[in-house]
Every structure is written in structure tokens, then in C-alpha cells.
Amino acid sequence: MASSSSGGSGSGSEMQRTAQHRISVIAGHLRRPAEGDVAVRAEECKAPQSRLEASGDGRTVPMKRHEVMKWNGWGYSDSRFLFNKKGQAEFTGKRYKLSGMILPALKDWFEGTFGASLQHKSPATPLLNTSAVQAPTLNQDFVEELKSIGVPFSHEAEDRAFRGHGHCLHEIFALREGKIGRVPDMVVWPNCHNDVEKIVALACKHNVCLIPYGGGTSVSSALECPPEETRSIVSLDTSQMNRILWIDEKNLTAHVEAGIIGQDLERLLNESGYCTGHEPDSMEFSSLGGWVSTRASGMKKNIYGNIEDLVVHIKMVTPQGVIEKSCQGPRMSTGPDIHHFILGSEGTLGVVTEVTMKIRPVPEYQKYGSVVFPNFEQGVACLREVAKQRCAPASIRLMDNEQFMFGHALKPQVSSIFTSFLDGLKKFYITKFKGFDPSRLCVATLLFEGNREKVLQHEKQVYDIAAKFGGLAAGEDNGQRGYMLTFVIAYLRDLGMDYYVIAESFETSVPWDRVLDVCRNVKARVVRECKDKGVQFSPLSSCRVTQTYDAGACVYFYFAFNYRGLSDPVHVYEQVEHAAREEILANGGSLSHHHGVGKLRKEWMRETVSEVGVGMLQSVKDYVDPKNIFGNRNLL
Amino acid sequence: MKASDRDLRGMKDDEFVDILEERRCSSDLGHAFRTFNPQPYKGGPPCSAADLNKALLDSHFLHRVVKEVAMETGSSQEKVMEEAGEILVEMSHNLHLPFIRLMGYTFSKVIKRLFTSIFVNMDGLNTLQQAVQENPVILMPNHRSYVDFLIISYILFTYDIPVPVIAAGVPLAEMKIVGEILRRSGAFFIRRSIGSDKLYWAVLSEYVRGIVRHGFAPVEFYVEGLRSRTLKSLTPKLGMMQMVLEPYFKGEVFDITLVPISISYDRVLEESLLARELLGVPKPKESTAGLLKASRVLQEDYGSMQVNFGQPLSVRKLCEGKINRSYYNLVPRDLPMKPSAEALACVSWLAHVVVGLQERGSLISPWSLMACLLIQEPTTVLAEQGLLWDDLTEKTLWLRKMVLDFGARLNWPGEAPNSAVMSSAISLHRSIVYLKAGRVYLTQEEVPLRRHRISPEEGVFRTAVPVLMLAAYRNQSLHALVRPAMLAMSICITRSTQRDELFRFFCFLQEVFANEFIFIPGNLSQDFEEACLCLNSCGAVYISEQEVRVSEQSSEVITFLQKLLQPFIDSYQLIFRCVCEEEQVQVFTEKQFLAAVRALALKLILSGELHTYETLSSDTQKNVLSALCRLEAVAKLRTSEINEFKVNKAAVRRITDALCGKIPPQMLQAPPDARL
């Protein structure tokens, strides 16, 4: 079946029934409790799609991104946290289940953790001052020819400013202050693979610099325009290449244009009864092409695999022409896998235009869960055992004590005395009866998927292992709230920045025997560096183990601090992050598990992959793109 | 008290508190049963000594080593494992609060007898109390007396800080009852000569690392390895130091805190025993019976004792840029691995830094200053004519001012007049000197009545005992004076004013005397700079870019400092001569060497050619041998069981000539001593 399924039509009523069923399953998890008890459980996080018809054709991302998204912060313009007149935190908009909710505990946590105060505001510049954006340097010949091939483009300030950054703290901080650095000189919106071929050919002909742009969620300075670039910079926005070209039910693959963003891909496949199962935390906004070019990792990789396990075929347009394999064999022994030149190339070699991906039937049953451990050490030991027995659920994550507290601060208002009584009882049971120290305990969140019977069986197996490490099952709510944190954390950072608090996250992967060491040392290093750099109030320094592998784990760190009294907070933050990365590397952690290198972590590439390794990559670049058309200068 | 008075005492009275004062006015039993509730290390959940031992026996590291040892020796793994278990039993501490209380009670009783006061710096204790909560702490006291052994535990117990586990020698464990008490007070026991016993090394190192990793308790050990017989700092031993630091190098702990502790005594309990040992009388074996016999020493007065807790040092900060921790990234955590050369150099450097800080933290007593002056008098004069008391007091006050100018810390009681301070110092040390009719004389042991006459050699020996004791007390001040003294010596020998020439000779002296005085490796220019500033501060020299010029009016400083080092120069020159003299002998054992040196020294002292008795000290003799090995003038032969040495006479003569300024010193570059 080769018909386009982007409209969700055509595949017969069978498929639609499956899809309907799937949606009702999900809805079952997400629905607000119907009557009586209006207390809200930790709710689903991603904005459910059906309400959003912003771009008219069912796609989330319009060409004019700034019409729905913030120009100087995370996510949708209508969704943000704020402290209302009563000093209570609430989440605006209607997209998320958390939208419109009051979070009564957040203020105290926020003030207590950071020494911040609602009296001390640091608001952002509300509107983009277009005059602050440099006039574009245009390559007239290129523009003329582009017009002739009929590809839409723009050199309006809003469009350009939006594509000159990712979501690193320093990038957002600068935007909030209204500072705009070098941005692309124009934006083009190809509609298909052929458009891209034409654009790249023109760019080569006229020597302009191309920077591919997918979802814009980079956190590695990958989208920053190199200030030393003197040529005209063209941002190649793939967002309009967002169709599923075909679904192959016999081989369980789907052929998809690379500009599609995660939530659209999942929604459209779901309509046909399938999913990719690839759910990176950024999936609301990040694109398939972006995943391929950064070696992305999804939350449920234990079942579905990471992006490199999911792709079957990749098509990429380079200055030398199109690179792709001739067949879709599931594995080949044909020299080094050319996909691995593309995966993680971070836009330095070309533009990924189409990808064939594995798909799976939508699972019939999903269940969240959580386990409380007396301390982080026990938690890690349990995760290690789960990995050893290869029985990890779709997702298993271990939050440290600080994050556990943070998660609690995000509990929505409880209106029933009964619920708060229950909460109290649970707390009493864990801390008093079981003797857990509230300042040490930590929680693992779990997500099981599959058929109902197997999920329940699997759940039991995991809980049994957890019990051996002193873990106590702590309910679905806690689990779900843990995953919610993932999706709202970026919104919360914007709230912090309104009150002199800046925050960032970074990640690594590390062998099992060093997980505890990396966690302890990096957290402590962040605290010490903040202190040494004059940060007045002790920072939040927290971590979680987010993925398990046979030979190690992925660890994710958050740090945030109150920057009142610092003359150059971004510089301090950069020094702290730099020190933290040094600490990771010194303790046997990797440079990155899935964020990529970009320009932010380039300086460590040589020690990471060795001199020869860098030479290999460089020689590929030299052959594929001798004129450095793809000139974002990431990676090398 | 006026500020200037306080400065002259060199010790601020708000800093130091006499902990015996409270013990004298409240019940010792009450003290022993006080509520002991220290703030523990926050880094991990508390664990018991038994947990620690179990974790060790279960560790992958030990299992790997056991497997290797079993393969090598051909015995079964179970057997080797059993052996490891026995080693652990012999080694491990069994820290028990009730025993700490018992120890505390006994200790209160004993130290109140021995000492008039024990001064402890409170701010040091307060910072320590914070530090033990943050990171694993290593307490590193200097070791001058057996009393050192439990004093730290006693103080920490008194001030609600977790009591340490202490590295001790196995002979202590073998003492009846006492050994067990020590074990339960936190001592763990290490064999003296481990050699290449792989299993023992493995158990010991994993044991120590385990304690540090878990932050079970502060670890206390003597980085000098031994009690210093000469009251001078010893070249640090690196084995233990490396074990405690490895958890940091491997990233198993975020940081480790080192706390140098300086213990100084007005009078050391073992003073005469030490002097005799240096003269070749073997040290009595540690035994409980011996301890009881020694109770006679309890009758005497030992003045006061000072315990100065230094500023906690962050290993992480100190090692920044010195160590590449990713060295361990590509091998399993528990693989037995040789440390990198870089790590060894860093360990050595850190150990020297700590010894340096121990020295700077030591308080110099009035008596030590007097000893510096007394020992510069010819021995015969001191023994027979005596030294005018007024001269001595006047010069002591002069010296006091000088060492204060040099930035040393002094323990000069402020409440009494200076003369009283000095005469009480003399009476405290009547085993060495006594005051009679306005003159100070050297005390000599009375001749047993039955013996009518003593041989001249015995006479030398009888004089040598108090002289070496005197030298030991002089050594208590040496750390404050040695840098300027080396510069003064360089000035006297080279007769140059050129800064770079003086610097070259200064470096040469450091190199030759590296076993006598502890300098931090790679710190030469700072040491030289410090020496210049010291001499400049007391007006002895003028310094400029290129020159260091002696000022005419205060040549007595230079003379004093030169005479301070002269005994060392003389001893070294004599021993060099001795090594070269024996015409036919090219190869000798250490025993032969010591005997030959002693014989020659005796002969020359009797003939009046050699003025210092310190050549007789086996410590000096061994140091010269090490120095010659280090300078590659003597080679250690490893062919036989007993160590034999082969001498390169030409090289020794070159050093001799350089040392008396006949030829310019060529810098004798030797790699840092990285032996473990």
C-alpha cells in the first residue's frame, strides 16, 4: 500500500477501529476522574493533539512558528507557568491536563529551594524588537534562482530570529533580554526531497551556507550561526516536509519525510493502529530528521530501541549528491554502515529528507508504576539488577531525593480531605513505619507496555526485584507525575527565569560500576563550583538515571540557581556547566548520550574519540562537503 | 594584655585552650560517660565495622587477587581466601564506644599526671567538626612520642567529633590486653615489613580504601611512618598515603579532606630512650610488662603539650591539574592496578605538603630556642666551664625575636616574666642541663659507684646522650630556621653576592640534605625566596634583583644560622671522608658502614678534630647513606639478601668538594623519590 496516509484515510475500518480503541485506552489513563472526587491525579503531559489545528491541515508546526510558539521561551505561547495574585503557581492554557490547575506547593518549594522571592522579578522583554535583528546579508543570485524554482522563503526578522537558536540557557537568556546575535539571513521551506536537492544545488552554485532546521529543540548550540561566517546563511526549515509517504504492514515499516515532528508522527501512525515507540522527551516539538542527525534516544527504547535501531533506510541530500542504500535489508555486511556517518552528523554533511522507520502495532495496555527506595544507592542497585535480568519495562527511571521533592511540589491542588489524608498516611507508612529517611529516599518511575496479561506479569517481576533492594511500590500516580515532570520542566525553567533563577539540564552515559560515582561527584561539583563562583544561595543539583543498558546507564542532571547578586549569571552558569562536564569525563562518563555535541561540547571531541577518530570524521566532511556549504560548524 | 606582648608570645590566647583545666575541676568518670553524639559523615548511610569487613571479603577486588595468588602459589582459592580472612582478623579495628570511654577515663588519669596542660586550638576543632560531615577525613599528626597515639581520639571524644580509626604497627597489637584495648579504641594494625606479600597488600589496601569510601570514620595515620627519634620531620612514607588517596583518584568519593596536625611537647617522655637508640642501644620491644615498668616515667613532669589542628585541605583542590582521573576510565573499577607515575608523584608531593604544614603548625618552645644556642657551644665548655646564664637568656630573647620575624609560631607563656620562663624550662630539662651559680652546665649521668673508671669511649658516649637530646630539642625549631640558615650557609661557603650563584648552592644543599630537612618537591624557588625575605626581615641582608648582600652590622644572624647547620655539614663531610678513606673496600654492608663511621667519629671526637657528637647518631649516618644513594655516588646492589652498597669514590669526592665550595655544585638531578 503506497498511498499517502497523511489524511488518515483509506486503510479500512479495521484500522480505524484499532486506532479508536487505542485512543480510548490512552484517554482512560488521562481522563479526569468523572464524579465526586475532583482531585486531579498527576496527569498526562503532552498536549493532546485533537484540539490543535493551528496550521489548518492538522499539523502542529506552521511556517510562521512564532504564531503558536514563544519566541523567547519553551513551547506554546498560550501555555506557561505563573504565580497568580494570590502567590499560587498555575499553568495557563488549555493544551495540557495540567493547564488551568493550581499547584499550591510550588511556591514554597521554589522559595525554599532557591532562596528566591516572588517580590524579585526578572521579567523578559515581551516583544521581539525587529530592529535589533541585523539586516540580512543576501546572496542576490541565489535568491533570484530560488524564486524561479518556487520554493517559499522569507527574510523577515521574526522568521530569522526564531531559527537562530536552540534551547540552551544562554540562548534563551539572551533572547529574554532582547539580545539577538547573528541569525540566518533567510529561511526556506522546502516541501519535499526534490526541493531540498534543488536548494542544495543552488547553495553550492552560489556558495551560501545552509543550516538545516528541524524542531529547534537543540541544547548543544547546534543552531547558533557561527559568528565568523561571512557568507549568506540560509536556514533550511524542514517543517513542511511532514508527510508519512507510505506504511508497509508486511515489513512493519513506514516511510516518512524527515521534517515531521514526533507528536504528529505518533498521532498519524496511531490512526493506522501503529506507533514507532520513539518518544524522546522533546517529542512534542523535535523532528525525525533532528533525531537522526543527533542520535536521539526515546524514553521507551527498552522495547523499541533508540533511533539507530529504528531506522531502516535514510535518504540524505549532500553537496556531493544523495546518499542512500539500495535496499532495505534488515542488516548488512557491506563495510562500515554508511548510516553511521549520517546518524549524529548534526547537519554538517547534508539534510536528511526521508527515513524508513520500523513501526509496531499500538500496544493494547499501558501502566505506570513507581517504587520508593530508602536511598539512591539501593535504587541504582535495583536498576542494575533489572538490567542484568534484562527485564526492564518500557521505561524505568530513578529520580534522586531532590527530584522526588521537586515532583511533590508539582502536585495539583487536592480538594478532598480524604485524598490528603491518604497522602499523609502513605507518607507516615514510608517514613515512620518503614524507617525511610525523607531526606534520602528516592523514587523509580516505571512505564509498562504490552498486552494486559504480560504487563501485569512483568510488573510483578520488577516489583519483586525492587523488594530485594528495599523498594516499596508507591502507586501509579507517583509514576505518572514523574513523567509529567519531563514535559513541563522546560516550561518551569521559564518560570524560574522570571524570578532570577536559571536552570539547565545535561546528560551522559556511564558504565554501571561508575553510575553512583558520577552522580555523587557531578552533583557535588556543581554545588562547589556555584559556591566558588559566588552564587549566594546553594543551588539545586539533582540527577536521575533515565535509561538502562546491559553495560551501563544514561544519567540526566538538572541544576538551577538563584542568580541575584551576580553580575554575569550566564558566564557563571557556563563555567559551572563546563566544570560539571569535566567532572563527568574524569569519572568515566561520556560526552553525551543523546543531546549531541553541537558547538557547546566540541572542545572535548578530540579526547572523546581520539585524534585519529577526529581525522576520520574530518576526512568524511572534506569529501562530502568540501566547500563547507553545511557550515554550522558543529561537532568538529 | 597588650597586642605587642601577645605577638611576642607568638600564640594568641583566644586560640588555644587547655583541655586539662576542665579535667582538673570535674570528674573524669563524668567525662568518660559524657553523651557522645557526634555529627557523622553525611555522604553515606552509617555502617558497622563488621559490615565493612564483610564488604571487603566480598569485594571483587579481593577475589581477583585471591585468584591470582592461588594460581601463583598453587594452593586452592578457598585456602588463600581463608588466609585473607586471617590477615583481616589480625588487622582490623573493632571500634567500640565503651572502650573509647574506658580509654578516655584511663587517659584522663595518666595525662593529668604527666602534663601540666594540653593546649588545643579550638577553631581547628570547629572546622574539623564541619569537615567530617562533608567528606572523608584523614587526620595526619606528626609522631614524636607514644603519647601521640591516643591523644587525638581523646580530644575528638571530648569535643563530640567522630573518633578515628588509627593505623598502628603490629607489635602494638601483640601486647597483652593493651593490644585489644587499642583495637577496640579504633586501632588497626599493619605489619612492619610487608615486602612483596601480594595478598597482604591487597587486604590492607582494600581495607583502608573501604574505610575511606564509606566515610566510616576519620582515618588517622602517621605519614612519617615512624616516631621521629630526632624530633625532626621524617621523609614521608607513601604507601598508606596512596591507599587513602586512591578513592579520590578513582572518583569513588567526591573529595578527601586532609588535616595536618602538629603535636609538640615541652618535654618528650622518651627523650633519653631516643638518644640511646640513636647511639645504638636497641629499642625495647613493645610489651605490656615493659609498659608497666615504664610507669616510673609517670613520676616526672613533662610540662605542656600542644595539639594544633591545621586547616583542612581539599585533596581535590590540591590535585587540580596534577592528576588525570580519567586514567582509570578504561579498566574495571576493581582491577588491581599500579598507580600511574603521575599519581605517585602527586601522592609524594601531597605527603610532603602535609609534613610541611605539620612543621609550620608546630609551636616552638622557649627551651627549643635555648637548645639552639646551647648546642652551638663547644661540648667540653658546656660540660666543664658552663655557660653564663645571663648570656644565654639575653641571646634567647634575641633569637625569639628573630624566629618571630621569620613567621614561626611560638609557645612562650605570657603570664610569667621571661627569666622565669627560661629558668623553668631549664629545670624541666634537668636531665640535660642544670643551672648552678649563674652558669648552665651539661648534665651527665652519674658513674655507677662500683665502677672506678670509665674508658674514654664510654666517656664520649656518656656525653653524647645529653648532647643528642639537646640536638633533638634544637630540631624542634629547625623548620623555622632551615631555609634562611641554608641561605646563610650558601653565603658563607660561596662568598658570593650573586643571587643565581647563591640559588644554585641553596639548591645543592637542599638536594644533599633532603633526608634531614623536608622540602616540598618542586618548591625550590619559593624556598629560596622565603629564605631571602627572612634574612631581609631581620636586617641581615639587602636584596635586589641580582644580589643578596650581607649587611655589616648584623653579621651575628648569619653566624648563628651558619653555626646552626654546621654540625650537619661536619657530619656529612666526615662520613664522606670515611667512605672514601677505606682504600681497598669498594663494597660494604650497612652494618659495616655504620661501624666504620662510628669508629672514625669516636676517634676524631677524642682527638678533638670533630666537634659535633651528632655524627654518632645512627639517624645521621643512615641519612648520609640515603643521600649518597640518591646522588648516585653509592649504588645499592641487589644481588644478595643483605643490602650491599658499592661506592663511587670520585663522585663522593666531588660532592665533598662542592660542599666546601672548592668546586661549583653541578645540579644533581634525581627523579622524585616515588618508592612506596
Side-chain angles (χ1 to χ4, degrees), chain A residues 373-381 384 400-401 435-437 439-442 469-470 508-529 531-532 538 541 543 551-552 555 579-591 604 606-610, chain B residues 39-47 51 55 58-61 63-64 130-131 133-136 209 212-215 245-257 312-335 337 340 342-343 346:
Chain A
F373 292 97
N375 55 48
F376 192 67
E377 289 78 5
Q378 295 280 77
V380 170
R384 204 280 162 268
D400 68 359
N401 186 263
F436 284 18
D437 177 352
S439 67
R440 280 193 192 275
L441 62 80
C442 71
F469 295 91
T508 186
S509 57
V510 59
W512 278 114
D513 63 348
R514 285 155 166 88
V515 169
L516 282 177
D517 296 337
V518 164
C519 291
R520 174 197 335 103
N521 293 350
V522 173
K523 280 165 66 177
R525 178 75 180 263
V526 165
V527 173
R528 186 177 279 190
E529 293 289 334
K531 196 175 165 197
D532 290 353
S538 178
S541 178
C543 72
V555 182
R581 182 58 61 182
E582 294 268 326
E583 191 65 31
I584 288 174
L585 298 177
N587 285 276
S590 66
L591 188 53
W604 292 290
R606 207 163 291 271
E607 76 176 87
T608 300
V609 302
S610 82
Chain B
Q39 291 292 317
Y41 171 51
K42 281 190 280 196
C47 62
D51 292 342
D58 291 343
S59 73
H60 288 264
F61 171 81
H63 282 264
R64 277 182 204 269
Q130 289 306 312
Q133 297 174 43
E134 307 293 328
N135 291 302
R209 288 192 297 249
V212 175
R213 266 200 297 261
H214 287 92
L245 291 177
E246 203 175 85
Y248 169 71
F249 293 158
K250 283 192 168 182
E252 292 167 330
V253 293
F254 176 69
D255 197 355
I256 291 175
T257 304
L313 307 172
S314 155
V315 170
R316 175 178 279 267
K317 278 204 178 123
L318 287 168
C319 290
E320 229 170 62
K322 285 193 188 312
I323 202 101
N324 175 11
R325 284 178 295 150
S326 50
Y327 175 74
Y328 297 93
N329 281 357
L330 293 177
V331 288
R333 263 282 191 266
D334 43 31
L335 195 74
M337 241 176 105
S340 62
E342 179 191 65
C346 184

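Convention: sequence-line order gives letters A, B, ...; per-chain numbering from 1.
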Considering residues, nucleotides and ligands other than B:Leu335, do more than 12 of their heavy atoms fall under 6.0 Å from its CG? yes
As an exercise: rank A:Leu516, A:Val522, A:Asp517 by heavy-atom pairs under 4.5 Å with chain B and give me the winner. A:Asp517
Test salt bridge (charged side-chain N to carboxylate O under 4.0 Å, His left out) on B:Glu134 and A:Arg528; report intermediate values, then the result. CA-CA 11 Å; B:Glu134 307 293 328; A:Arg528 186 177 279 190; over 6 Å; no
Looking only at non-hydrogen atoms, find the nearest pair between A:Asn587 and B:Asn329 and report the distance. C-OD1, 3.7 Å
Please classify the contact of B:Asn324 with chain A as side chain, backbone, both or neither, using a heavy-atom distance under 4.5 Å. neither
For the interface with chain A, which of B:Arg333, B:Lys250, B:Arg316 has the highest count of heavy-atom pairs at distances below 4.5 Å? B:Arg333
Between A:Arg525 and chain B, which part of the residue has a heavy atom less than 4.5 Å away: side chain, backbone, both or neither? both
Would you mind checking if A:Glu582 and B:Arg325 are paired as a salt bridge, meaning a charged N to carboxylate O distance below 4.0 Å? no
Nearest atoms (heavy-atom pairs only) where B:Val331 meets A:Arg514: O-NH2, 3.0 Å
Tell me which of these, A:Gly589, A:Ala586, A:Pro511, has more heavy-atom pairs under 4.5 Å with chain B than the rest. A:Ala586
Go through the atoms of A:Asp513 and report whether side chain, backbone, both or neither lie under 4.5 Å from a heavy atom of chain B. both
